[in-house]
Every structure is written in structure tokens, then in C-alpha cells.
Amino acid sequence: MSSLRCIAKHPTISLVDSCTTLKELKQIHSQLLVNGLLNDPYLSGQFVATIAIRNPRNLGYSNEVLDQCENPTLFTFNSMIRAYSKSSTPSKSFHFYSRILQSRDNFLPDNYTFNFLVRTCAQLLARETGPSVHAALTKCGFENDPHVQSGLIFMYAELGCLHSCHRVFGEIVEPDLVCQTAMVSACARCGDVGFARELFDEMPQRDPIAWNAMIAGYAQCGKSREALNLFHLMQMEGVRVNEVSMVSVLSACSHLGALDQGRWAHAYIERNKLRMTVTLGTALIDMYAKCGNMNKAMEVFWGMKEKNVYTWSSALGGLAMNGFGEKCLELFSLMNKEGVHPNEVTFVSVLRGCTVVGLVEEGRQHFDSMKKLYGIEPHLEHYGCIVDLYGRAGRLDEALNFINSMPMKPHAGAWGALLNASRMYKNMEIGELASRKIVELEAKNHGAYVLLSNIYADSKLWDGVSNVRQTMKAKGVRKLPGCSVLEVDGEVHEFLVGDKSHPRYNEIEAMLGEISRRLKLAGYVANTNPVLFDIEEEEKEDALCKHSEKVAIAFGLISLKEAVPIRIVKNLRVCWDCHDVTKMISKLFNREIIVRDRNRFHHFQDGECSCKGYW
């Protein structure tokens with residue numbers, strides 16, 4: 001029990017808690033020396049611990065005080081391990097563990113020692129040291145301590161070793177609330193949301209940490225509807241909602257493009273006076289941007305008192321994604337004037353901003369500035385952005401030369417950007433090369449096969465289309481089905497290509513017929529080339545008519561008031577025919593239609609699209 005003595009602080013030592021400067025700390029230190037209080041090893045240990053834990057910036061000073069202690073206690077060493085486990089240099093915790101093992105008083109590490117060391121390993125992501133600490137604590141007999149057990153589950157989750165989490169949890173005879181919560185968090189974080197939910201539902205008590213972990217797990221693995229449903233259940237049970245909960249909820253709204261629910265979440269934050277932290281504000285910006293409401297996103301951005309590089313990058317990315325390339329570059333210029341140092345994510349947004357408005361030379365200048373001005377080594381994603389920049393501008397030879405000059409092996413993203421450009425500009429030779437390179441890297445990349453097939457189809461080379469389909473079949477490659485999501489009155493509706501299960505499908509089909517009638521009267525002729533089959537034109541037109549975003553638009557037309565924009569999120573890139581049709585629908589039905597595909601936003605209004613051909 002020696003490591004727990006002197007929990008009640010001496011009045012003079014308690015002054016450290018309100019200490020703000022090193023000068024004040026030294027004054028307290030002087031007073032303790034003058035009064036002879038530091039001759040007591042327990043009081044000196046308490047002083048060292050308070051300095052270390054109260055303010056990480058004073059860790060160096062706590063070390064100096066510790067070096068003056070003649071007989072440091074186990075409590076003192078444990079406090080230093082604890083303080084360093086939360087610092088920017090957690091590896092130094094092991095120095096004090098070694099001092100425990102080598103102490104003159106023959107100290108033995110206790111459960112607190114190992115609990116803090118386990119947290120250190122989690123902080124360090126130490127895949128080799130973590131199991132060694134686990135072995136040491138087992139040897140010392142602390143494997144059944146509840147705090148150590150929950151710490152081990154947390155550590156293995158951080159290391160990505162879910163099987164080890166299950167092993168530790170399986171050995172606990174009667175896991176307490178903390179261990180159960182740790183296991184829910186571990187499984188949710190590592191993607192095993194099925195087991196996490198089973199355990200969550202079986203828990204006799206659930207604290208806010210367990211609820212937040214489960215909601216975050218759903219949001220992180222793309223089960224956004226489940227995340228929102230669980231959040232509503234959390235409220236019904238009267239569980240306290242905090243910043244962590246709301247960040248996960250906003251992430252789920254972002255993924256679904258559920259603007260109504262996102263607005264509700266924002267109102268909830270304001271109504272319950274949750275503190276607008278940088279993380280929460282950034283999540284709000286991201287939500288509004290990914291729901292296509294950049295005016296509101298920027299309103300949140302300008303209203304934030306404190307911003308970090310991620311806040312700026314989120315706003316930049318939103319502007320680029322929504323087609324406001326010039327505004328993105330203006331904001332980046334302001335970011336530099338404000339003295340905010342950009343990071344890798346910032347430059348992805350900046351380069352995409354250049355791409356959506358075709359600013360090739362400016363984009364290349366920003367790419368070159370990464371290393372020259374900011375000391376940032378470009379990653380694969382940045383190289384892919386430049387290939388996309390050249391490709392969308394029709395400069396395919398330069399895009400190919402850029403790929404060939406990359407200092408690392410080109411990735412599928414770079415070749416994919418080139419393949420898409422080849423399809424846009426009907427360059428079969430470069431398209432075939434790009435497709436071949438993608439398949440070499442990712443044998444089951446369905447997008448590469450589909451785009452190559454579409455290049456052949458554009459040229460009516462049906463033998464080429466047939467060969468691609470046969471290759472896909474032989475290799476077991478299946479085209480990912482199109483899926484579009486639309487929110488109506490706070491409820492999310494999902495439409496799959498060819499799916500007729502929606503309860504209002506008869507009304508949807510009638511509206512599809514009306515859309516088709518008006519399009520034909522307006523002189524529309526379907527662009528059937530993207531359809532992969534060598535079949536009759538009439539059948540192709542019918543296949544195109546049932547694309548998931550067209551079905552979602554039809555549902556929006558019968559479900560939403562005329563003044564309400566139709567907002568759709570699609571899992572695949574919008575095909576050219578759907579893009580042209582949506583432009584016409586926006587004019588014929590006098591509706592604003594916003595589509596977010598896997599690449600960017602398309603804002604359709606009055607027969608025009610915000611992408612201006614750069615998509």
C-alpha cells in the first residue's frame with residue numbers, strides 16, 4: 001500500500017494545482033525546503049508527483065526535484081510513469097520502471113505500476129513491448145486486477161490485436177463495467193461491431209463511454225444509420241450526451257448526407273450548450289460540407305473562436321468538393337497569412353481545388369511548394385491529384401509522363417485518374433495501359449474493368465466489351481451495385497439499382513415514366529454507350545432509366561416540397577447519361593438537385609451543373 005500513502009496533499013503542495021508559471025513553482029519549492037518538509041520522503045514524493053501530473057511542461061523540473069530526493073517512494077516512481085505515459089515522450093516511463101527494479105529499498109512494481117506501463121505501450125503503439133509488459137505483470141500476479149485487465153484490452157485494441165483483446169476478456173471470470181466498456185470500445189474500434197453490439201446489449205449498466213464507443217464504432221465502419229438509431233435510443237434512455245457523442249453523430253450524418261439530421265444535431269448542441277471545441281466545430285464544418293451546404297459550413301467556420309489546421313483543411317476540402325475551386329485557393333492564401341502551417345491533408349484539398357476549376361499550372365506550383373516551402377514530402381495521394389489535374393484538362397501525355405517520373409511505385413489511384421481521363425477524352429491506347437496497370441496492382445478492382453469496358457463501348461467495340469466481361473467473370477470480379485441515399489423529413493431512404501422494394505415504388509415508377517416523357521419532348525436521346533451489354537437500344541434506355549440516382553430523384557420529386565433541394569449521395573461515380581439527364585430534370589421540373597458521388601459534388605440548377613465539365 002506504500003504507493004497510495006499521502007493521498008491528502010499538504011496545504012503547501014496543494015498550491016501547485018493553481019500554479020501557472022515556473023517562477024511560482026520555484027517559490028513553492030523554496031518554501032517547502034525552508035520548512036524542511038521535503039525531508040519527509042512521502043511529502044517529497046507527493047511534491048514530485050503533483051508537479052509531474054499537474055502540468056506536463058514541468059516534467060523536466062519534476063525530474064530535477066526527484067534527483068534531489070534521497071529515498072524516493074514507489075508512489076513517486078509510479079507517478080512519474082503515469083505522467084510520462086500521457087506525455088509526448090511516453091517511452092521515458094520505462095526509465096522509472098527500471099529505477100523501481102533497481103531501487104535500494106528493493107521495491108516491487110505494483111498494480112499501479114503496470115496499469116500505467118500498459119497505457120504507455122498503448123500510447124507508443126509498441127507491438128513488441130506491450131506483450132512483454134503483459135508477461136511481466138502476469139509473472140508478478142496482477143493479471144486479475146480489474147484496472148490492469150481493462151488497460152490490457154485498451155492496449156491491444158490500440159495495437160490492432162483484436163484476438164488478444166478477446167483472449168484477455170475471455171479470461172476474466174466476472175468482468176466489471178469498466179472491462180465490459182473497454183471490450184465494447186475495442187471491438188467497435190477494430191470493426192467487430194457485431195460482437196460489440198451483442199456485448200453492449202447484454203451489459204446490465206451502460207455508461208456514456210460505452211454508448212459513445214458503440215456509436216463511434218458504427219460511424220467508423222460505415223453503418224451510419226445504425227449509429228443514428230443508437231444515438232436516438234441513447235437520448236430516450238436519458239444518457240448524458242457530450243462532445244464525443246456528437247462528433248460521431250455528425251460523422252454519421254456526413255456519410256449519409258443527412259442534412260436534416262445534421263441540422264438537428266447542430267441545434268441540439270446549441271440548445272444543450274455543449275462547448276464548441278475545435279474538434280466539434282470541425283466535425284460540424286465537415287458535416288455541412290459533405291451535405292452540400294457550404295454556406296452553413298463557412299458560417300460555422302467563421303464563427304469559431306479557435307481553429308487548428310484540421311479546421312482549415314476541412315473548410316478547404318469542402319469548398320473543393322463542392323466545386324468552389326477559386327474560393328478554396330483564396331482561403332488557403334488567408335490561412336498562410338494567419339500563420340497556420342498546412343499539413344498533408346491541407347494540400348490534398350488545395351490540389352483538388354485546382355482540379356475542379358482546371359488550374360493546372362497553379363496546381364503544379366502548389367505541389368512543388370509542398371517540399372520547397374513547407375518541408376512536406378508529397379504522398380501517393382498528392383501525386384494522384386496531379387495526375388487527375390492533368391487528365392481532366394485533357395493533357396494525358398503529361399499525366400502519363402508525371403506517373404512515370406514518380407519517385408515511388410505508382411498506385412492504383414494515379415492509374416485510375418489516368419483511366420478516367422482516357423475515358424473522358426476517348427484515348428483507348430492510354431486507357432488500356434492504365435487499366436492493365438490497375439489490374440496488376442488490384443486484381444479485383446471492378447472500377448478498372450468497368451471504365452475500360454465503357455471506353456470500348458464508346459467506340460462500339462463490342463468484342464472488347466465482351467472480353468472485359470469474360471475476364472471479370474473468370475476472375476470472379478463483380479461490379480459494385482449502384483446505391484443512392486436520399487433523406488426525406490429526417491428519414492433516410494436507400495435505393496439500389498433495379499430494386500423495387502420501396503413501399504412507394506409504384507408512385508416512383510409513375511414519376512420515372514413522367515420524367516422519361518418530358519425528356520423525350522425536350523429532345524433528349526439517351527447516351528447508351530456506357531451500358532455494358534451489346535443489346536437493343538430500347539433495352540439499354542430502360543437499364544439507364546433504373547440507375548439508382550434516377551430512382552432517388554423520382555422519389556425526391558414526389559416526396560419533397562418544390563422549394564426543398566433534392567440531395568442525393570451515391571456510392572459510385574455518376575455516369576455521363578445520368579449527369580446529362582439530371583441537368584435537364586433540374587430545368588424541366590424547376591428543381592435544385594445536389595448529388596454527391598464518390599468523387600465530388602454536382603449542384604444542378606436551371607439545366608446547368610457546378611462541375612462545368614471537370615468531373
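Along the sequence shown, residues are numbered consecutively beginning with 1. Fair warning: this is a prediction, and the values are worked out from it, not measured in the lab.
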**Item:** Pair Phe604-His579, ring-ring contact (aromatic ring centres under 6.0 Å, His included): steps then yes or no
**Value:** CA-CA 9 Å; Phe604 300 95; His579 182 268; 5.3 Å; yes
**Request:** I would like to know whether Ile81 and Tyr97 meet side chain to side chain contact (heavy atoms under 4.5 Å, CB included); could you show each step before the answer?
**Result:** CA-CA 7 Å; Ile81 294 172; Tyr97 176 60; 4.3 Å; yes
**Message:** For a side chain to side chain donor-acceptor pair (under 3.5 Å) check, start with the C-alpha distance between Ser610 and His603, then their side-chain angles and the critical distance, and finish with the verdict.
**Reply:** CA-CA 5 Å; Ser610 60; His603 294 253; 5.0 Å; no
**Prompt:** Do Arg225 and Tyr218 pass the side chain to side chain donor-acceptor pair (under 3.5 Å) test, and can you show the C-alpha distance, the side-chain angles, and the key distance before you say yes or no?
**Reply:** CA-CA 8 Å; Arg225 297 170 85 170; Tyr218 276 136; over 6 Å; no
**Asked** Going through the checks in order, is the side chain to side chain donor-acceptor pair (under 3.5 Å) test met by Thr113 and Asn78?
**Response** CA-CA 5 Å; Thr113 311; Asn78 281 346; 2.6 Å; yes
**Message:** One pair to check against side chain to side chain contact (heavy atoms under 4.5 Å, CB included): Val133 and Phe94. What are the steps and the verdict?
**Reply:** CA-CA 10 Å; Val133 170; Phe94 290 100; 4.0 Å; yes
**Item:** Stepwise side chain to side chain contact (heavy atoms under 4.5 Å, CB included) check, Arg598 with Asn571
**Value:** CA-CA 6 Å; Arg598 71 176 184 187; Asn571 64 332; over 6 Å; no
**Message:** Quick one, Lys372 with Asp368, criterion salt bridge (charged side-chain N to carboxylate O under 4.0 Å, His left out). Give me CA distance, side-chain angles, the key distance, then yes/no.
**Reply:** CA-CA 7 Å; Lys372 290 178 182 176; Asp368 293 338; 5.1 Å; no
**Item:** CA sep, side-chain torsions, deciding dist, call: Tyr383, Asp388, side chain to side chain donor-acceptor pair (under 3.5 Å)
**Value:** CA-CA 9 Å; Tyr383 284 96; Asp388 196 32; over 6 Å; no
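Counting heavy atoms of neighbouring residues, nucleotides and ligands inside a 6.0 Å radius, atom CG of Asp489 does not exceed 12 of them. Around atom CE of Met408, more than 12 heavy atoms belonging to other residues, nucleotides or ligands sit under 6.0 Å away. Annotation for Leu177: atom CG counts as buried by contact number, over 12 foreign heavy atoms lying within 6.0 Å. Within a 6.0 Å sphere centred on CZ of Arg271, other residues, nucleotides and ligands contribute more than 12 heavy atoms.
Closest approach of Cys291 and Gly257 over heavy atoms only: SG-C, 3.5 Å. Closest non-hydrogen pair, Leu250 versus Ala265, comes out as CD2-CB, 3.9 Å. Residues Ser93 and Ser85 come closest through the heavy atom pair OG-N, 3.3 Å. Here the closest heavy-atom approach between residue Ala289 and residue Gly318 is recorded as CB-CA, 3.6 Å.
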Indicate every side-chain donor-acceptor pair of residues 373-380 with a distance under 3.5 Å to a residue at least two apart or in another chain.
residue : atom : partner : partner atom : Å
Tyr374  : OH   : Asn336  : OD1          : 3.1
Tyr374  : OH   : Asn336  : ND2          : 3.3
Glu377  : OE1  : Lys371  : NZ           : 3.3
Glu377  : OE2  : Lys371  : NZ           : 3.4

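Once rounded to the nearest 0.5 Å, the distance linking CD1 of Ile594 with CG of Asn322 reads 8.0 Å.
Under a cutoff of 6.0 Å and an axis angle of 45°, Arg82 and Tyr112 do not form a cation-pi pair.
Residues forming a side-chain hydrogen bond (donor to acceptor under 3.5 Å, both in side chains) with Asp201 (at least two apart in sequence, or on another chain): Arg197. Residues passing the side chain to side chain contact (heavy atoms under 4.5 Å, CB included) test with Tyr310, sequence neighbours excluded: Asn308, Asn343. With sequence neighbours excluded, the residues satisfying side chain to side chain contact (heavy atoms under 4.5 Å, CB included) with Ser314 are Thr282, Ile285, Asp286. Evaluation of the side-chain hydrogen bond (donor to acceptor under 3.5 Å, both in side chains) rule for Glu299 yields Lys296 as partners, not counting sequence neighbours. Scanning for side chain to side chain contact (heavy atoms under 4.5 Å, CB included) contacts around Lys327 gives Leu319, Phe324, Glu330, with sequence neighbours left out. Not a single side-chain hydrogen bond (donor to acceptor under 3.5 Å, both in side chains) links Lys86 to another residue, sequence neighbours left out. The side-chain hydrogen bond (donor to acceptor under 3.5 Å, both in side chains) check on Lys307 picks up nothing, with sequence neighbours excluded.
Under the 4.5 Å side-chain criterion, counting only non-hydrogen atoms from C-beta, Leu228 is in contact with Leu256. You'll find the side chain of Glu592 stays beyond 4.5 Å of the side chain of Ser586, heavy atoms only. Using a 4.5 Å heavy-atom threshold, the side chains of Leu572 and Asp597 count as separate. Pro90 is not listed as a side-chain neighbour of Tyr84, based on a closest heavy-atom distance of 4.5 Å or more.
Residues Phe231 and Trp211 keep their aromatic ring centres 6.0 Å or farther apart.
Ring planes of Phe367 and Phe402: perpendicular class, angle over 60° (limits at 30 and 60°). Using a 30° and 60° split on the angle between ring planes, Trp312 and Phe301 fall in the perpendicular class, above 60°.
Each salt bridge (charged side-chain N to carboxylate O under 4.0 Å, His left out) pair with one or both residues in residues 345-357, not counting sequence neighbours, appears once here: Arg352-Glu381. Among pairs with a residue in residues 227-245, those fulfilling salt bridge (charged side-chain N to carboxylate O under 4.0 Å, His left out) read Arg206-Glu237, at least two apart in sequence or across chains. Each salt bridge (charged side-chain N to carboxylate O under 4.0 Å, His left out) pair with one or both residues in residues 210-222, not counting sequence neighbours, would appear here, but there are none. Applying the ring pair (Phe, Tyr, Trp, His ring centres under 6.0 Å) rule to pairs touching residues 267-292 yields Trp264-Tyr268, His266-Tyr288, sequence neighbours excluded.
The backbone N or O of Pro565 sits nowhere less than 3.5 Å from a side-chain atom of Arg591 that would complete a donor-acceptor pair. A side-chain donor-acceptor contact under 3.5 Å links His382 to the backbone of Glu344.
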